[in-house]
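These notes concern the structure reproduced below.
All figures in this text were calculated on a predicted structure; none of them were measured in a lab. So you know, we letter chains A, B, ... as the sequences are listed, proteins then strands, and number each from 1.
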2 protein chains.
Amino acid sequence: MARQKTTLKDIAELVGLSISTVSRALKGDKEIAAATRERVGKAAERLSYQPNVFARGLSTKNTRILALLTQGLHFSAFYRECLAAFETSAHHRNYYVLGCSVTQDGYGLQEYLPLLRGGMFAGVYFLDYSFNDAGMLDLSREVENAGVPYVAAYDAPDQPQGAHNLVRVDFGEQARQAVEHLLKLGHRHIALVTPWARPQFFNGYLRAYGEAGIVCQKPEHSCIRVGVIAEDQLMVRADEISRQVLELEPRPTALFVPKAILTGPLQFSLKRAGLTLPDDMAMISTKNVREFGYLDPPITSVSVDIHALAETATEMLVDAVEAKGEAAARSAAVPTELIIRESCGAQAHAGRWKS
Amino acid sequence: MARQKTTLKDIAELVGLSISTVSRALKGDKEIAAATRERVGKAAERLSYQPNVFARGLSTKNTRILALLTQGLHFSAFYRECLAAFETSAHHRNYYVLGCSVTQDGYGLQEYLPLLRGGMFAGVYFLDYSFNDAGMLDLSREVENAGVPYVAAYDAPDQPQGAHNLVRVDFGEQARQAVEHLLKLGHRHIALVTPWARPQFFNGYLRAYGEAGIVCQKPEHSCIRVGVIAEDQLMVRADEISRQVLELEPRPTALFVPKAILTGPLQFSLKRAGLTLPDDMAMISTKNVREFGYLDPPITSVSVDIHALAETATEMLVDAVEAKGEAAARSAAVPTELIIRESCGAQAHAGRWKS
DNA sequence: CTGAAAGCGCTTACAG
DNA sequence: CTGAAAGCGCTTACAG
């Protein structure tokens with residue numbers, strides 16, 4: 001098999017030039033005569049030449065391959081949509097993305113470390129990573145040690161300016177908008193199912209009450225904390241959570257569930273418990289996941305603009321890669337949007353609640 | 001940035017040997033004295049050595065990177081679960097998987113072609129690809145031209161033996177099992193929403209009726225054909241299809257929807273049309289997608305065993321890669337299983353309908 | 001049992 | 001404007 005690929009040498013022989021000249025001509029070096037540039041280009045096309053990525057990688061030290069590192073990549077619809085968006089924006093710059101999924105039981109670290117240390121990645125995206133997680137922390141250290149540029153997309157309220165490239169996702173603002181929406185619809189007792197390592201959601205929740213001038217009854221009490229969930233524990237955990245919600249006193253009329261992975265199972269679980277949604281219980285989530293549109297009722301959600309996120313992160317990362325470490329760390333924020341569907345009782349009239 | 005990585009040379013200097021010896025020692029070459037093997041191994045560990053993947057790729061011609069090529073990879077929950085399974089099985093053999101998504105509007109071909117032609121991939125998985133699709137066809141030709149070994153996982157009833165490595169997924173059998181399940185539950189008018197390029201589903205559908213000794217009324221008539229669906233057309237198409245289903249005369253009591261991507265939207269659409277599920281309309285799908293478990297009602301489905309599929313495909317592919325084209329094409333089949341949930345009216349008692 | 005050398009296919013100073 | 005040469009970091013016949 002492994003047919004002979006065409007190399008620079010083949011082209012050089014065909015046009016009667018040296019491989020150095022061919023190499024330069026192909027990358028459009030202005031030093032090379034326009035006529036020979038053209039001649040070489042045609043020959044390359046005729047032989048359907050493609051540079052060997054490994055040879056190029058070996059000499060330039062830029063493999064043009066970016067890694068997306070995150071926990072439970074394939075487990076989360078949101079992360080997968082991000083991967084697709086990153087891919088698209090990377091392709092615009094002639095880069096490629098390899099999705100690397102790390103699980104909470106440590107899978108991933110030893111799988112991707114050889115590639116990372118072996119110089120496979122020109123740069124790394126960290127998506128929504130939690131410094132509280134030991135595995136991710138190890139990985140981010142390894143990335144730094146390997147001297148590979150990276151950009152992190154997550155909520156970093158206390159991040160010192162310039163510590164690393166950062167696309168900030170504002171969880172507090174997401175919570176604020178979500179709870180504001182519920183308050184406007186008349187809800188007063190809103191339970192929060194919050195990831196334990198993310199105080200931002202709770203803060204935003206309180207902020208919304210404050211801004212609306214409404215007193216939040218027993219906020220701590222309405223706050224259900226949940227950690228990492230294994231894939232096969234999803235329904236079991238959802239049932240536990242819905243039980244907890246229903247035991248709350250007074251019983252909440254609405255639920256804010258930032259963890260998108262829980263939304264479907266939790267909705268299902270509440271219906272099984274005999275509730276009519278959204279009348280007996282409104283629900284709002286974060287992240288814009290396609291499936292939200294045909295859950296019953298469709299889920300209203302507050303989300304970052306995934307494409308803006310991808311564009312911003314890719315631009316930063318590619319710039320950092322091409323600056324070879326000369327560039328200072330940058331940071332940017334990505335806006336949040338409210339996508340109204342039906343799970344909160346509002347009619348999904350286009351844009352009605354958009355502000 | 002780009003800190004100096006440790007190379008063979010560093011180790012060689014440390015232990016006072018040549019890089020050839022170090023290289024051999026590290027791969028456990030028996031020719032090398034056990035004592036020096038150990039000494040070298042320790043030095044490598046101390047310097048946390050990892051071979052540069054590009055240098056290795058350049059000289060061995062095996063990059064250990066596999067590509068998963070399929071249409072709408074990130075769009076389909078099933079494909080994503082396959083990607084995760086392929087990754088895991090590839091890691092066992094020390095290979096890596098890069099998911100390459102091709103869309104029907106041609107996105108993907110020009111994105112991945114440079115990598116393919118550039119020698120990036122040691123092998124390729126084709127998942128469920130349709131030879132009727134021009135883009136995929138081009139890609140598969142390119143893979144052959146590049147001399148890259150591949151394995152295809154799809155239904156290939158008429159595939160000449162040994163044309164290429166094949167893991168056969170039996171769509172006809174899936175349809176047979178699905179319809180058999182519905183017939184056992186008493187349904188007699190079953191509509192089929194079938195991908196236009198897959199006559200196997202229709203054949204399996206007829207076979208189930210035949211085996212049950214039940215006359216299928218107007219089979220052609222109950223068959224709704226559907227092609228590739230763009231991501232943003234999902235709900236629109238689902239509404240069209242549910243309208244067509246409800247206009248069928250006599251009206252079907254059950255629906256077989258092999259395309260998993262349609263299942264949720266279609267269920268949603270039928271409910272919006274006022275039907276109670278599963279009483280007014282039973283529904284069965286193919287592929288085992290996690291989300292099916294918390295749709296309302298949860299979807300009963302017939303699926304290949306994804307992990308068996310991954311194991312089989314990876315073994316074939318890696319063997320082909322390492323045989324460097326010496327190996328003859330192999331072929332294998334992957335079993336189908338019925339996963340009973342509630343969308344057909346059967347109670348989801350564990351294993352009750354399992355055979 | 002170990003080493004010197006060539007080669008994988010590119011890029012990039014350095015000459016001319 | 002073009003070319004000869006060194007180098008990226010590995011592997012692998014070929015000697016010894």
Worksheet entry | Nearest-angstrom distance from the residue atom CD1 of B:Ile19 to P of C:dG7 | 16 Å
Response to the item:
Ranking D:dG9, C:dT11, D:dT12 by distance to the side chain of B:Ser20, first place goes to D:dT12
Practice prompt. Decide if the gap between the ring center of A:Tyr150 and the ring center of A:Tyr125 is smaller than 6.0 angstrom.
Written response: no
Worksheet item: Between atom CZ in A:Arg56 and atom C1' in D:dG7, what is the gap in whole Å?
Response: 17 Å
Fill in: Distance, rounded to the nearest Å, where A:Glu31 contributes CD and C:dC14 contributes C1'
12 Å
Worksheet entry | Residue-phosphate contact under 4.0 Å: A:Thr36 side-chain N/O, D:dT2 OP1/OP2 | yes
Practice prompt. Tell me yes or no: between the side chains of A:Thr21 and A:Ser18, is some donor less than 3.5 Å from an acceptor?
Written response: yes
Worksheet entry | From CA spacing to verdict: side chain to side chain contact (heavy atoms under 4.5 Å, CB included), B:Tyr49, B:Leu8 | CA-CA 8 Å; B:Tyr49 171 75; B:Leu8 283 186; 3.5 Å; yes
Item to complete: Identify which nucleotide among D:dC10, C:dG3, C:dC10 has an atom closest to any side-chain atom of B:Ser18, counting heavy atoms from C-beta outward.
Response: C:dG3
Practice prompt. Output the single nucleotide from D:dG3, C:dC1, D:dG7 whose closest atom is nearest the side chain of A:Ser59.
Written response: D:dG7
Discussion item. Counting only side-chain heavy atoms from C-beta out, which of C:dC1, C:dT11, C:dC10 sits nearest to B:Ala33?
Written reply: C:dC1
Discussion item. Nearest to the side chain of A:Ala55, heavy atoms from C-beta on, is which of C:dC1, C:dC10, D:dT2?
Written reply: C:dC10
Fill in: Separation of D:dG7 C1' from B:Leu58 CG (nearest whole Å)
12 Å
Practice prompt. Could you work out which one of D:dT11, D:dC1, C:dC10 sits closest to the side chain of B:Ser23?
Written response: D:dT11
Worksheet entry | Length of the line joining B:Asp29:CG and C:dG3:C1', which is rounded to integer Å | 14 Å
Worksheet entry | Rounded interatomic separation in angstrom, taking CG from A:Leu8 and P from D:dT2 | 16 Å
Discussion item. From the set D:dG9, D:dT2, D:dT11, return the single nucleotide nearest to any side-chain atom of B:Lys27.
Written reply: D:dT11
Response to the item:
Regarding the side chain of A:Leu17, the nearest nucleotide among D:dG3, C:dC10, D:dT11 is D:dG3
Fill in: Interatomic distance, A:Leu66 atom CG to A:Arg93 atom CZ [nearest 0.5 angstrom]
10.5 Å
Discussion item. Tell me the interatomic distance from B:Lys9, atom NZ, to D:dG7, atom C1', rounded to whole angstroms.
Written reply: 11 Å
Discussion item. Taking pairing as Watson-Crick or G-U wobble with both contacts under 3.5 Å, can you name the mate of C:dA4, or confirm there isn't one?
Written reply: none
Worksheet item: Do the charged groups of A:Asp319 and A:Arg330 touch, with an N to O distance under 4.0 Å?
Response: yes
Discussion item. I want to verify a distance call: between C:dC8, D:dG3, C:dT2, whose nearest atom is closest to the B:Lys61 side chain?
Written reply: C:dC8
Discussion item. Rounding to an integer number of Å, can you tell me how far A:Arg64 CZ sits from C:dT11 P?
Written reply: 11 Å
Worksheet item: Does A:Thr60 place a side-chain N or O at less than 4.0 Å from the phosphate oxygens OP1/OP2 of C:dT11?
Response: no
